[in-house]
Amino acid sequence: VNSATREIFGNIPPWQHYIFYSLATISMAIFAFGVIARMRRWTRGKITWRLELAEIKRRIPYFVTQVFAQPRLRKEPSSGAMHLFIFWGFLFLFVGTNIVAVQHYGPISFFHGIFYLIFKVVMNVFGLLMLVGVGVALYRRYVVRPKRIAGGSYGLALAFLGVLGVTGFLLEGFRMAARGYYGWYDWSPGGAVVASLLQATGASQATLTDWHRSVWWFHAVVTFTFIALIPYTRLLHMITAPLNIFFVPLRPKGALTTPFRLEDLEAGAATMVAPKVAADLMWQQLLGADACTECGLCQEVCPAYASERPLSPKQLILSLRDGVARNGSAGIQTQIDEMMSPISSWSCTNCRACMEACPVSIQHIDLIIDVRRKQVADSRLDANMVNTLTNLRRTGNPYGMPAEQRLAWTSGLPVSVKVDEVQTESEFEVLYWVGCAGAFDDRGRRVARAVATLLQRAGVKFKVLGPQERCSGDPARRLGEEGLFQEFARDNIRNLGRYGVKKIITQCPHCFNTLKNEYPDFGGHYEVLHHSEFISGLIADGRLKVEGDHHLQSVTYHDSCFLGRHNDVYSAPREALKSVPGLKLIEMPRNQEKSFCCGAGGANMWFDVGVGKKINNIRYGEAITTGAEVIATACPFCMTMFDDAQSSKGASGMVQIRDISEILVDGTSG
Amino acid sequence: MNGIWVFAEHKSGSPDRVTMELLGEARRLARDTKTEVSAVVFGDSVTALVDPLAHYGADVVHIFEDERLRHYDPGLFVASLGRLLEAESAHVVLFPATTTGSDIAVRLAMEHDWPLAPRAMNINIRDGAIEVVRPIDASAVYASVKPTHSGPCLVTIPADIIGVERPDTVRSARIVRDELVIPAAPPVAVGEFIASDPRTLDISEAEIIVSAGRGVGSKENMRFVQELADVLGGSVGGTRVVVDLGWLPKDRQIGQTGKTVTPRLYVACGISGATQHTLGMKDAGTIIAINTDPAAPIFKIATLAVQVDVSGFLPVLAARCRRGPGGNA
């Protein structure tokens, strides 16, 4: 065993080494040229990443998980296994080849004995894994043909990987066959099989040696061609995917980018309010476009795509990629909304399903909001959008209702709600952020009363801002009106500061997300909880006693995107519901991080994109298929969407659509 | 160059929504250029418009009041407005990009060789230089245009681009009554005026609307709604749900994601009155709500609440209206 080894460059005459190194140099040069050309393209975007690089430590865990374990690909077992096999197979073969090079040029000798044998086993196993992966990939791409991967050009890449794997085993087999049998050959099962087949042909040793040299050269040339091709084919994702995953934004998932600062604009600084051309995008956004593997997992989960709106997240990224790649500077100077159409951006509900699905961490929503920001800058909004923004400017809420009516919801509460002008922090435990839906929407007001009733029953001292509360700014920001959003953020933060607010509970997941994830960027730091989190806490602490509601049997809970995917609040609403004795919680097939949007997010509550089927009807259909008697929601907009879907169905024996807080009011007593 | 001007369009004694939008934009431009906003209004009885025009931003209101101005007559309007703008050396004149506004702007530009920028999306004035952004090539491309010669710069602006600012009810305006100019040789002579068909009229222009909700029951029952609208000379509108069901086309949708209407009379048939709908019609003059559910929120904003099933009630109501007041044919 100790004598086990092989000669590097064995059977290759010394003069041929020069050819080998020449080819290697050419191959590496072509590779480097292609990679540098790509990098130059990305760096024509805006570069502000130096500071973020300092946070390498924060980036490592996510990077390691996404690159090496690929959890998002594994959600679909067959394609996930396929890619993991190819990835790990290729990675080991690549590292193995480098070990050979280290032995050849390095000062110490280790390529023998037990190390060599383990090396052989490992290379054989992973070579085989890669070949299996390539086989599955070919079968999927050319026989099964799932719709989501249509259009991707991976034929060449798979052919090269397959040929590399097969010739690797052939090479080993020829060497073994030409040299005769050694005991350690059992450690290379792949090569051994090939060798025994070759020996069975009865070919002479000289013939086998000649063949070995030919196969060696063939394998070498294929390898060099493969390396040279990487930057010019879809193999590019071997470089761009890990890079894009590494440079994923570090801000909270629910927060949008801040393209400018209102105070800079007011100070008269020359600030770009919205990106116009590709060169105005962040360099990571251009890298992201090149990272797309065209796997289509985003398209599979997209509610806009499912409802036949003119949006596929995959096509959006690809049209950016292809637009930027156009010859010369034409590409980088292309208007962003020429590549990513305005109607596709308006079709998006910002539900984040695509981003949760994307194995290479592309930030679709950021691009979509950038396109919307450009529409705002160019005054290309439709009547409903203009109306919403005007309402926000005029009245501080998207409904256009007078601020004086902000407390109309409190009528009918057993105890009056305090809105005293000045209350110190010691006088209230939490600030209840009612939100515009709770203040102005008839249905929302009922939910606000339910939340307040629960707080009163639990003996929580809370404060509301009343007429001083203004829209969180979410609809403005999601419509692309960044300046207006920042005005709201500034006003609200100033107001909350006046009362020393530290802890806020909201009724609306959109307010929740904005206050929690976006206000810190503007100096507003609070502990923000959605009512479902706070209420389940009250129940857990025994402050709120749940006795059971005899009217209820079965409930299905619909995850709001801004509570779920944007903020990972999945269990609190379920815990709150399950605390009601006798309540049976039935899950829809698509739940938690796989939940399907109601259709109202990303400001879609305030305009109608006017094409495709109704997203809310699709989700309502899923909810009633569970057979539950109640659809529980945690968001006023989800509730409106379900109400609308239900009344357009007009079926008799309709289900109830209720907020979690309303269900709990029935389950508790005051 | 003198001030920002607005050609005010109006209906039933109040300025049109788009006129309100234009006044807000004019205020912004006047603030930037430190000048005044002048509104010009034509009609047979328009004095009542002075206050609302002032509330939405006019500093001066020029009035042309005459029996002959009841409807748009290009000869009279162009001659009178042309002379006024010339005499006052107007700087920028904003017109609603409506049928009338566009017509008068084009005719003025032709007659006086004044610069014209139709369907503007954005106007800016820097150091007295006007820059207008407007769509060309079916909105595929936008052009930034600047007037190259002197004279009032005429700009038309489509509705719903600017949004209506909150009126300032303490503002007032100076009134200037102007003499009508009767052209010696008008380019066209107006014959008779023909009323529009309420069935095809843009719902946001309608003075009477009969509106349908889910409570109408079925697509077949929509004929009762249409029948009442026909009798009243009104237009048919509906809620989002009714549009989603395919009972009405999308352009008839009233509410948050549809159109905002301010008719004199709004008959809500089988509409529960979800906030998403009422936001689009709460400013209607008289609201008659017909619904079986006594708890329907629409009853809270209705002038007259009728708790009855729509499909039975509408034919009776239509028949009664057809007979006229007093019940006699």
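Computed from a predicted model, the values in this text were never measured in an experiment. Letters A, B, ... mirror the listed sequences (proteins, then strands); counts begin at 1.
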Residue pairs meeting salt bridge (Lys or Arg N to Asp or Glu O under 4.0 Å), one or both in residues 401-410 of chain A, sequence neighbours left out, come to A:R406-A:E469
Quick one: are [X] and [Y] in side-chain contact, heavy atoms under 4.5 Å?
X      : Y      : answer
B:I4   : B:I125 : yes
A:Q646 : A:I657 : yes
B:E9   : B:T98  : yes

With chain B, the option among A:E338, A:M385, A:R394 that has the most non-hydrogen atom pairs under 4.5 Å is A:R394
Contacting moiety of [X], where chain B heavy atoms sit under 4.5 Å:
X      : value
A:F607 : backbone
A:N387 : side chain
A:M605 : both

Chain A shares the most heavy-atom pairs under 4.5 Å, among B:K250, B:R166, B:K282, B:K300, with B:R166
message = Under a 4.5 Å cutoff for heavy-atom pairs, which residue among B:I161, B:V241, B:N122 has the most contacts with chain A?
response =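 Sorted descending by pairs with chain A, the first entry is B:V241.
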Notebook entry, point to check: Do the side chain of B:Q256 and the main chain of A:W606 share a donor and acceptor less than 3.5 angstrom apart?
Noted result: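 A pair under 3.5 Å: no.
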- Query: Can you name the nearest heavy-atom pair linking A:F637 to A:A600, along with the distance?
  - Reply: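 Closest approach of A:F637 to A:A600: CB-CB, 3.7 Å.
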Cut-off 4.5 Å, heavy atoms of chain A, and the answer for B:T260 is side chain
